[in-house]
Amino acid sequence: MEKINFTPKDIVNKNFKPKMRGYDPADVDEFLDDVIKDYETYSKETQRLQMENDRLVSKVDELTKQLAVGKSGQTGRPVSNVTNMDILKRLSNLERHVFGAQLNDDANRDSRF
C-alpha cells in the first residue's frame, strides 16, 4: 500500500510563493479547495471501507471457526437439513411401529372370539 503524503489540513495550509508571471492565486486557491473536498471524501471512504473490511474479516474468521468445529464434531449444534417431508415420514413410521403393534394385538384378540 502506498503512503499518503498529505492530509486535507496540509493542503489547506500550503502557501505558494508569488512570482512574476505566475498563476492567479484565486484560481489556485479555488482548485485546491476542490482538491481538499475530494481528498476528504476519499479519506472518509477509505476509513469506511477499512472498517467494513475489518468487520467482514472478523465474520469470515468466526464462520471458519464454526465450520471447523462442525466438521470435527466436537461441540455446537449439529447442522440439519431435515425437511417437513422427512419429519412426516418419520412420524408415519413411528405411528406404524407404535400403533401397528396395538392394531395387530387387537386383531389377534378379535379373531379369538
Side-chain angles (χ1 to χ4, degrees):
M1 183 173 177
E2 293 187 36
K3 180 183 172 211
I4 297 175
N5 295 315
F6 301 106
T7 66
K9 189 175 182 177
D10 292 335
I11 297 169
V12 167
N13 293 330
K14 177 66 177 165
N15 289 317
F16 295 94
K17 298 175 187 174
K19 282 194 165 189
M20 290 201 59
R21 298 184 187 163
Y23 295 105
D24 180 10
D27 284 344
V28 172
D29 286 343
E30 186 179 327
F31 178 76
L32 287 177
D33 288 343
D34 291 340
V35 170
I36 290 166
K37 288 177 189 173
D38 283 350
Y39 201 83
E40 288 173 338
T41 300
Y42 286 124
S43 179
K44 288 176 186 175
E45 182 66 6
T46 301
Q47 288 175 349
R48 185 191 70 77
L49 291 172
Q50 185 61 51
M51 289 172 52
E52 178 72 2
N53 187 50
D54 292 345
R55 184 187 70 78
L56 292 172
V57 166
S58 295
K59 186 67 174 176
V60 166
D61 289 344
E62 177 186 329
L63 292 173
T64 302
K65 287 176 187 173
Q66 288 177 6
L67 183 61
V69 167
K71 282 185 178 180
S72 67
Q74 292 175 349
T75 61
R77 220 173 55 180
V79 177
S80 178
N81 291 328
V82 177
T83 64
N84 286 341
M85 187 60 82
D86 293 332
I87 292 170
L88 290 173
K89 285 179 183 178
R90 289 178 185 179
L91 184 58
S92 177
N93 288 336
L94 180 62
E95 286 174 338
R96 263 189 262 125
H97 180 73
V98 171
F99 295 115
Q102 282 181 345
L103 291 174
N104 288 337
D105 289 344
D106 290 343
N108 289 337
R109 271 189 250 145
D110 290 342
S111 66
R112 283 187 259 162
F113 294 105

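Numbers for residues simply follow the sequence, beginning at 1. Not measured: the values here are computed from a predicted model.
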Peer 1: May I ask you to decide if Ser58's main-chain N or O and Asp61's side chain share a donor-acceptor pair within less than 3.5 Å?
Peer 2: no
Peer 1: With distance as the sole test, does Thr46 use its side chain to make a donor-acceptor pair with the main-chain N or O of Tyr42 at under 3.5 Å?
Peer 2: yes
Peer 1: About how many Å separate CG of Leu56 and CG of Leu49, when rounded to the nearest 0.5 Å?
Peer 2: 10.5 Å
Peer 1: Give a yes or no on whether Val12 and Leu32 share a hydrophobic cluster (residues Ile, Leu, Val, Met, Phe, Trp, Tyr; joining criterion: side-chain heavy atoms under 4.5 Å apart).
Peer 2: yes
Peer 1: For the residue pair Asn5 and Asp10, what are the closest heavy atoms and their distance?
Peer 2: O-OD2, 4.0 Å
Peer 1: Cut-off 3.5 Å, side chains only: do Asp86 and Thr83 have a donor facing an acceptor?
Peer 2: yes
Peer 1: If you measure from the Lys or Arg side-chain nitrogens to the Asp or Glu carboxylate oxygens, is any gap between Glu62 and Lys65 under 4.0 Å?
Peer 2: no
Peer 1: Atom CZ of Arg48 and atom CD of Glu45: how far apart are they, to the nearest 0.5 Å?
Peer 2: 4.0 Å
Peer 1: How long is the gap from CG on Asn84 to CG on Leu91, to the nearest 0.5 Å?
Peer 2: 11.5 Å
Peer 1: Roughly how far apart are Leu88 CG and Met85 CE, rounded to 0.5 Å?
Peer 2: 6.5 Å
Peer 1: Supply the atom-to-atom distance Asp33 CG to Ile11 CD1, rounded to the nearest 0.5 angstrom.
Peer 2: 10.5 Å
Peer 1: Using distance alone, with no hydrogens and no angle criterion, decide if Asp38 and Thr41 have a side-chain donor and acceptor under 3.5 Å apart.
Peer 2: no
Peer 1: When you measure from the side chain of Ser43 to the backbone N and O of Tyr39, does any donor-acceptor pair fall under 3.5 Å?
Peer 2: no
